[in-house]
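Here is the structure we will look at, set down as structure tokens.
Both counts, for ligands and for their atoms, begin at 1 and track the order of listing.
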Amino acid sequence: AKRRGKSRSSTFDTAMRQEALNTLRTQMQLREAIVRQQFEVYYQPIVALGSCRLTGFEALVRWNHPKRGIIGPVEFIALAEETGLIVPIGQFVLREACSQMATWRRRYADAGDVSISINLSGHQLGSPTLVTDIEQVLEDTGLAASAVKLELTESTLIDDPTTATRILGRLRDRGIKLYIDDFGTGYSSLSYLHRFAIDGLKIDKSFVDMVGRDDRKAAIVPSIVGLAHNLGMGVVAEGVETPQQARELTLLDCAEAQGYLYSRPVPRDQAAALIERRILC
Ligand code: C2E
Ligand code: CA
Ligand code: CA
Ligand code: CA
């Protein structure tokens, strides 16, 4: 029994060591990917419900790995957050997405109202140079601050509310808009909607999936939409996949939607084609 116990624990040790090594390897590869500029920005359209008119894009990062091809953020964002590598990655996404949107606005005369939404991690919010970084990007690209929407999760805001209030206040003074991402999934507190002067809410896909059901869960989305309206905020439904969902959300007076129904996140050339189409249903 003693021997078996020992061998089991050494098997466990081996598994743990293997996992630690894997994490370390990915971390090293992530660092290398930053140096070698292997990240790319994909763009997913956001549309006005009802008309399906393109209103903006969300910038979503991808890792173009030399051997493995395109890797989605679920495979590396958590590690990037833990290691702080999300700061240089996020800085790249910010610059690339703003530069691209500035180009599109110059190239397409009727794209003057198309916005760019960018995800901001807690680490970035804590970076002392965030505000000047963003100002520099806007100056270099010539993009109007009003074209930029920053998406923050509830937990990011709750982490360090004092710093968040100060930083976000400065960004908002410049005309940048602030959205709560994955609304309803975090430490929902209504006080911060006012405190951080939030411009809009993005309803998480898990709630959007409940739309049209005939149980109590179906009441969540109308409540969030009503809340946004009452506070004078915008509201975007995420993860819309079916025409039925779009129809229900339109009836609920939800302003905007994003999801595979309209388009998956796509590389910039395909995104440009979506701007040319303009009406996405
Ligand atoms: P998110 O900010 O909630 O972004 C929406 C995610 O939902 C994207 O996944 C998008 O591809 C996916 N999605 C959109 N519509 C649908 C749909 O109809 N059905 C389904 N099943 N999924 C849909 P993605 O691109 O894999 O990104 C995952 C998460 O990674 C993002 O969630 C965000 O939290 C994070 N992320 C992505 N890019 C960045 C970035 O540049 N910076 C930071 N800090 N985080 C990022
Ligand atoms: Ca987002
Ligand atoms: Ca989201
Ligand atoms: Ca999400």
Inset, instruction - Return each pair, listed once, that meets disulfide (SG to SG under 2.5 Å) where at least one residue sits in residues 37-67; pairs must be two or more places apart or across chains. - result: Cys52-Cys281
Inset, instruction - Run the contact test for Gly239 against ligand 1 with a 4.0 Å cut-off on heavy atoms, strictly below, and give the result. - result: yes
Legend entry - Non-hydrogen side-chain atoms of Gln245 and Asp209 separated by less than 4.5 Å: yes
Inset, instruction - State whether the shortest distance between N or O atoms of Glu241 and N or O atoms of ligand 1 falls below 3.5 angstrom. - result: yes
Legend entry - No-hydrogen, no-angle side-chain donor-acceptor test under 3.5 Å, Gln27 and Thr83: no
Legend entry - Minimum heavy-atom distance Leu150-Ile134, with the two atoms named: CD1-CD1, 4.1 Å
Inset, instruction - Give every protein N, O or S atom lying under 3.0 Å from the Ca ion (ligand 2), naming each by residue and atom. - result: Glu58 OE2, Asn119 OD1, Glu151 OE1, Asp181 OD2
Inset, instruction - For ligand 1, indicate whether the residue Val240 contacts it via side chain, backbone, both or neither (heavy-atom separation under 4.0 Å). - result: backbone
Inset, instruction - Answer with yes or no whether Glu58 contacts ligand 1, where contact means a heavy atom under 4.0 Å from a ligand atom. - result: yes
Inset, instruction - Determine yes or no for a side-chain-to-main-chain donor-acceptor pair under 3.5 angstrom, with Gln124 supplying the side chain and Ser121 the backbone. - result: yes
Legend entry - Side chain proximity check, Thr141 to Gln100, heavy atoms < 4.5 angstrom: no
Inset, instruction - Take every heavy atom of Lys205, measure it against each atom of ligand 1, and state whether any distance is under 4.0 Å. - result: yes
Inset, instruction - Consider only side-chain heavy atoms of I, L, V, M, F, W and Y, link residues closer than 4.5 Å, and tell whether Leu94 and Ile86 are in one cluster. - result: yes
Legend entry - Close N or O approach (Arg62, ligand 1; < 3.5 Å): yes
Inset, instruction - Pull out every atom of ligand 1 sitting under 4.0 Å from any heavy atom of Asp182, numbered as shown with elements. - result: 3 (O)
Inset, instruction - Consider every N or O of Gln44 and every N or O of ligand 1, then say whether any pair is closer than 3.5 Å. - result: yes
Legend entry - Sub-3.5 Å N/O-N/O distance, Val61 and ligand 1: yes
Legend entry - Residue part near ligand 1, for Ile86, under 4.0 Å between non-hydrogen atoms: side chain
Inset, instruction - Please confirm whether Gln124 comes within less than 3.5 Å of ligand 1 when only nitrogen or oxygen atoms on both sides are compared. - result: no
Inset, instruction - Considering non-hydrogen atoms only, spot the tightest contact between Pro45 and Ser263 and give its length. - result: CG-CB, 3.5 Å
Inset, instruction - Compute the minimum heavy-atom distance from Gly90 to ligand 1 and say whether it is under 4.0 Å. - result: no
Inset, instruction - Go through ligand 1 atom by atom and flag the ones less than 4.0 Å from a non-hydrogen atom of Glu238. - result: 3 (O), 5 (C)
Inset, instruction - Specify side chain, backbone, both or neither for Ile118, according to which of its non-hydrogen atoms lie closer than 4.0 Å to ligand 1. - result: neither
Inset, instruction - Kindly identify the option in Ala80, Pro73, Pro265, Gly72 whose heavy atom sits closest to atom 26 (O) of ligand 1. - result: Pro73
Inset, instruction - Would you please say whether a donor-acceptor pair under 3.5 Å links the side chains of Thr129 and Thr132? - result: no
Legend entry - Atom indices of ligand 1 within 4.0 angstrom of Val93 heavy atoms, with elements: 41 (O)
